[in-house]
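Below, read A as the first sequence line, B as the second, and so on, with proteins coming before strands; counting in each chain starts at 1. Please read all numbers here as calculations on a predicted model, not as lab measurements.
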Amino acid sequence: MIQQGGVYGADSILLDLEDSVALNQKDAARFLVRNMIRTIDFYETEVCVRVNHLSTPFGISDLEEIVPLQPSAIRYPKTETGGEISDLLQIIEQIEDKHHLPHHVMTIHAMIETAMGVQNVFEIASKFKRIDAITVGGQDLTADMDILYTPDGAGIDFARKRIVMAGKASHIDILDTVFPDVNDEEGLKRETEYAKKIGFTGKAVINPRQIDIIHKVYTPTEEEIRKAYRIVKEFRINSAAGKGVFAIDGKMIDAPVVRRAEYILKLANIEVSLADNQGDSQ
Amino acid sequence: MIPKVAAQAGTFESSDVLFLIEPLPEKAGRKIELFSTVLHQYGESFNRIVSEMLDDFDLTDIHLIARDKGALEPTIKARLETAIRRSLEMQEGTLI
């Protein structure tokens, strides 16, 4: 399935060397992932590699094999402190120096999967320029908390919201945990809608069947896009005329409303054109 | 190089290949057995990949059994490299 990763429409594909790999198959997985990254065209899909934590016997070998390939991102599991990220970056940069590679291309995704990680997530998210996403690992987090993972996500709700707030404060992506039941499409839709509502910018999947459902939740509707386009266009016209606040259909439009509209257009990958300054009455 | 132990890597799953390596006495040469679901189409290419990698590791006396279920070249190379490194006891960063 790895070689088909780019054709399913995912924004990002995660090649795993960590929990999905048996302890006596770490070498095999490392060589397979290395060769796949070298050979397979994943099209526009971002390629991330989840390495093992540096406290395990596998972490260094993973980095030595993967960092020279410069995937889009390294996903670092069970991140608990900023100090761990400092150690990780030091090793990554040493490997990059050895291979004459820049330090700013490959980014880091920090996975928050323990209570300690949740406690320190603001430091983890804000202190390092190379971290451009944080994620929550629901199964590991509930295990660390000695509670059961339930479909309503009650046990990790505080963690989710704290992680979102840390990500928002640092202006980075925040990715929700996987929905483990691939046969429960309604449940996935509900959970994704909730994740979007509280601020997650995306959600992980464990099966290609889940991709479309998540995309449908996150893709703005045509009505939302039309409204956002009109707001942004009117805002630019009014700004050029020196007006900070204006109204559309009797509703006041100010900076926060414009910012939300701009975000919707960014999701829809739409640029506002001012070529037609007659106004847009759609 | 001389293989030290018998080793294997890969699986019987679709799009994968399983390699088994056994050391042979000095000057016994290479004995390669390939079983593949795509032998007629890709057997020649498969044998070329295997020979090149055995050359890279300078392995001359070896018994290699491959059971292929349509693996791509990067998979074949990864599995064979794993099996070779295991047989040479060169594997790092894994538990045996």
Inset, instruction - Check the surroundings of atom CE in Met90(B): do more than 12 heavy atoms from other residues, nucleotides or ligands lie under 6.0 Å from it? - result: yes

Inset, instruction - Check each of Asn35(A), Ile37(A), Val33(A) against Pro74(B) using the side chain to side chain contact (heavy atoms under 4.5 Å, CB included) test, and report the only one that passes. - result: Asn35(A)

Legend entry - Contact winner vs chain B - Arg30(A), Arg38(A), Glu65(A), heavy-atom pairs under 4.5 Å: Arg30(A)

Inset, instruction - Would you indicate whether His40(B), at its atom NE2, is surrounded by more than 12 heavy atoms from other residues, nucleotides or ligands within a distance under 6.0 Å? - result: no

Legend entry - Side chain to side chain, Leu72(B) and Thr39(A), heavy atoms closer than 4.5 Å: no

Legend entry - Residue pair Arg85(B) / Asp27(A), side-chain heavy-atom distance below 4.5 Å: no

Inset, instruction - Might you point out which heavy atoms bring Met36(A) and Thr75(B) nearest each other, and give the distance in Å? - result: CE-OG1, 3.0 Å

Inset, instruction - With a 4.5 Å cut-off on heavy-atom pairs, point out which of Glu73(B), Arg86(B), Arg79(B), Lys77(B) contacts chain A the most. - result: Arg86(B)

Inset, instruction - Kindly check if the number of other-residue, nucleotide or ligand heavy atoms within 6.0 Å of CD1 (Ile206(A)) is above 12? - result: yes

Inset, instruction - For atom CZ of Phe122(A), decide whether the heavy atoms of other residues, nucleotides or ligands shown that lie under 6.0 angstrom number more than 12. - result: yes

Legend entry - Greater than 12 external heavy atoms within 6.0 Å of Glu44(B)'s CD: no

